Asks: 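Once you've had a glance at the structure underneath, I'll fire off some questions.
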Amino acid sequence: MPSRPAMLLRSLLLLAATATAAQKRGLEAGGPRQVQLIQHGQCSYTFVLPESRPCPPAPPEAPGSSNSLQRDLPPTENLGAWRAQRVRQLEKALENNTLRLQRLERYIQMNLRARLARAQQHVVQNQTATMLELGSNLLNQTTAQTYNVEAKVLNQTSRMEIQMLETSLSTNKLEKQLLLQSDELHRLQGRSSALETRLQALETQQQEDLASLREEKEQLQRLLGSHSGALAGLERSLRIASSNSSLLQHQQRQLLESMQRLVHVMAQGPAPMRAAGQVFQDCAEIHRFGATVSGVYTIHVANMSEPKKVFCDMETNGGGWTIIQRRMNGSENFQRGWKEYKEGFGDPAGEYWLGNEAIHQLTSRGTYSLRVELEDWEDHETYAQYERFQLGSEAQLYSLSLTGYNGSAGRQTSLRLQGTNFSTRDADNDNCLCKCAHLMSGGWWFDACGVSNLNGVYYEDGQHVRRMNGIRWHYFRGPSYSLRATRMMIRPVGA
Ligand SMILES: *[C@@H]1O[C@H](CO)[C@@H](O)[C@H](O)[C@H]1NC(C)=O
Ligand SMILES: *[C@@H]1O[C@H](CO)[C@@H](O)[C@H](O)[C@H]1NC(C)=O
Ligand SMILES: *[C@@H]1O[C@H](CO)[C@@H](O)[C@H](O)[C@H]1NC(C)=O
Ligand SMILES: *[C@@H]1O[C@H](CO)[C@@H](O)[C@H](O)[C@H]1NC(C)=O
Ligand SMILES: *[C@@H]1O[C@H](CO)[C@@H](O)[C@H](O)[C@H]1NC(C)=O
Ligand SMILES: *[C@@H]1O[C@H](CO)[C@@H](O)[C@H](O)[C@H]1NC(C)=O
Ligand SMILES: *[C@@H]1O[C@H](CO)[C@@H](O)[C@H](O)[C@H]1NC(C)=O
Ligand SMILES: *[C@@H]1O[C@H](CO)[C@@H](O)[C@H](O)[C@H]1NC(C)=O
Ligand SMILES: CC(=O)N[C@H]1CO[C@H](CO)[C@@H](O)[C@@H]1O
């Protein structure tokens, strides 16, 4: 914006120009004075300009020429003089004009200074306002444009910033991801390396194990070799041992037999040996002691002063039987008196009678059963068994007491079960008016002579039938059949 004095000067010059123009017009109008009115807004200014002299008449013009140049064109001969004149004229006019101008200036300076100052002030103010308005408009526009541009720039900037932010954000995210991934990678690498080390350790361990296993295997193989050697040795010795074992069994059998012989010998031995060894009352005790071979053994029956030799059946029906009567080939005479039947007679290895006293003593001490075995000449064998057998004392005439008959020698028992007294040819204790012992021979538990007598006369084969005094067992072979072999034996019940 131009400065205030400059503006004032411009206004002044403008005014001067106007004034000159007005003067010209006033001259043309022929008025002495020139009055100029200037309206500005509400105010109006009246300029009264001084009367100026009319301008000198123009030099004579050539007819037909309207052009000043043509008019001013001098003749060529006095061109220099004209020129000088003309310069002088111009100088004078300039001078005059200068003078007038100076006058006008003075006038203005003197008369119109205050008004002019006011007008100037107004003008200046208007100008200033206008300029201000213009400037403010410009400024508005500028500011608007600036705002616009600024907004655009800001928009762009913000957008760019946003984009940058986004970019940076995404970059950050990417970086983070990258970091995470790199971390993961590191961890994985670490783990992988750890795994590798572990793997290596395992491999080395495995190799060591393998080596040790190989070593163990070799050791085992060596051991196996030695073991198989030992095994072969063992097999050899086993073979030898098995052969030895059969030998041993043989030896055992021999030992057993020798032991039984020893028992036998002991049973038969003299008193001092008996005292040192075992004392047996019957064959059941000897059997319990371990003897399994049938034969003659010595027993010590209680209340009997002398030991007795008996034949022990260690096999029949469980063994342990004490034979009290035996007939087999008629080698022994059974026609004996009371005393002989009381004490016994015959050969324990062959035919014999144990003796009524010994039988009484034995069957009085415990519960005995009686088994009677019979054989005819036709090779039939049969038996009669009594669950309970007991013989009374001599005072009771060796009376018979039997219960529980059982056997194959007939439906009925051929011995009267209870109360039959023993009779010999010299002791008639039967229930017959006759003497059964005379009639039937031997000694027996005759009733009214009865249906049996195993101590009768021994008849050889072919003479054994129709014999009343032979060896009879009625319910086996009838009343007159003499048997070939008989055995009477006793054993404690439950043995
Ligand atoms: C200011 O100037 C304008 C034109 O530029 C004119 O119309 C107006 O009358 C002036 N006002 C005064 C107070 O001079
Ligand atoms: C300048 O701008 C402001 C607001 O932007 C407005 O009020 C004012 O009238 C404007 N002035 C001119 C001279 O346009
Ligand atoms: C910025 O520019 C977008 C499009 O380029 C426009 O939609 C938005 O209105 C502008 N914002 C401003 C404040 O100018
Ligand atoms: C049987 O065993 C005895 C030792 O108990 C031994 O001396 C003998 O050689 C063996 N006999 C055999 C055939 O192996
Ligand atoms: C055996 O003898 C004793 C006395 O030494 C006697 O008391 C007992 O009754 C006798 N037993 C038999 C069955 O005779
Ligand atoms: C009867 O048998 C016994 C024992 O076997 C024998 O010692 C005896 O000589 C025999 N006697 C007869 C007459 O056959
Ligand atoms: C056996 O003899 C006794 C006497 O000792 C006698 O009382 C009894 O009646 C006799 N028994 C029989 C069956 O005759
Ligand atoms: C012999 O006695 C047994 C029981 O001890 C019995 O089962 C059986 O029937 C008896 N036999 C005879 C022939 O009586
Ligand atoms: C050329 C011209 O007009 N000169 C005039 C200047 O003014 C003086 C008097 O003031 C006149 O004498 C001149 O003629």
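The structure displayed is predicted, hence computed values, not measured ones. Note that ligands are numbered from 1 as they come in the structure, with each ligand's atoms numbered from 1 the same way.
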Asks: Report the residues that fulfil side-chain hydrogen bond (donor to acceptor under 3.5 Å, both in side chains) with Trp377, sequence neighbours left out, ordered by chain and then residue number.
Replies: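 Once residues adjacent in sequence are excluded, Trp377 has no partner under the side-chain hydrogen bond (donor to acceptor under 3.5 Å, both in side chains) criterion.
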
Asks: Which of the atoms in ligand 7, numbered in the order shown and given with their element, are less than 4.0 Å from a heavy-atom of Asn431?
Replies: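 Atoms satisfying the 4.0 Å criterion: 12 (C), 13 (C), 14 (O).
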
Asks: Under 3.5 Å, is there a donor-acceptor pair between the side chain of Asn453 and the main chain of Met440?
Replies: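 Judged by distance alone, yes, a pair lies under 3.5 Å.
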
Asks: Closer than 4.0 angstrom, basic N to acidic O: yes or no for Arg484 and Asp379?
Replies: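 Yes.
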
Asks: Residues around ligand 5, heavy atom under 4.0 Å from any ligand atom, sorted by chain and number. Can you pull those?
Replies: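 Answer by chain and number: Asn303, Gln361.
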
Asks: Distance only, no hydrogens: is a donor on one side chain within 3.5 Å (strictly under) of an acceptor on the other, for Glu394 and Trp338?
Replies: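 Yes, Trp338 and Glu394 have a side-chain donor paired with an acceptor closer than 3.5 Å.
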
Asks: Evaluate Asn421 for polar contact with ligand 7, using N/O atom pairs at a separation under 3.5 Å.
Replies: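 Asn421 vs ligand 7: N/O contact under 3.5 Å present.
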
Asks: Just to verify, what does Tyr368 make a ring pair (Phe, Tyr, Trp, His ring centres under 6.0 Å) with, not counting sequence neighbours?
Replies: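 For Tyr368 there are no ring pair (Phe, Tyr, Trp, His ring centres under 6.0 Å) partners, ignoring immediate neighbours.
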
Asks: Ligand 6 and Asn329, any nitrogen or oxygen pair closer than 3.5 angstrom?
Replies: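 N/O-N/O distance under 3.5 Å: yes.
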
Asks: Only heavy atoms of Leu397, strictly under 4.0 Å: list the atoms of ligand 7 that pass.
Replies: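 Those of ligand 7 that fall under 4.0 Å from Leu397 are 2 (O), 5 (O).
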
Asks: Out of curiosity, Ser228 OG to Leu234 CG, how far, rounded to the nearest 0.5 Å?
Replies: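 It comes to 11.5 Å.
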
Asks: Tell me whether ligand 7 is touched by Gly419 - counting only heavy atoms on the residue side and a distance under 4.0 Å.
Replies: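 A heavy atom of Gly419 does come that close to ligand 7.
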
Asks: Using a 4.0 Å heavy-atom cut-off, say whether Asn429 meets ligand 7 through its side chain, its backbone, both or neither.
Replies: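 Neither part.
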
Asks: Are any non-hydrogen side-chain atoms of Thr298 and Lys309 less than 4.5 angstrom apart?
Replies: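 Yes, close enough: below the 4.5 Å cut-off.
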
Asks: Could you pull out all residues at least two apart from Glu373 that satisfy salt bridge (charged side-chain N to carboxylate O under 4.0 Å, His left out)?
Replies: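 Only Arg371, Arg487 meet the salt bridge (charged side-chain N to carboxylate O under 4.0 Å, His left out) criterion with Glu373.
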
Asks: Distance from Lys308 atom NZ to Gln361 atom CD, nearest 0.5 Å?
Replies: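 CD of Gln361 is found 11.5 Å from NZ of Lys308.
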
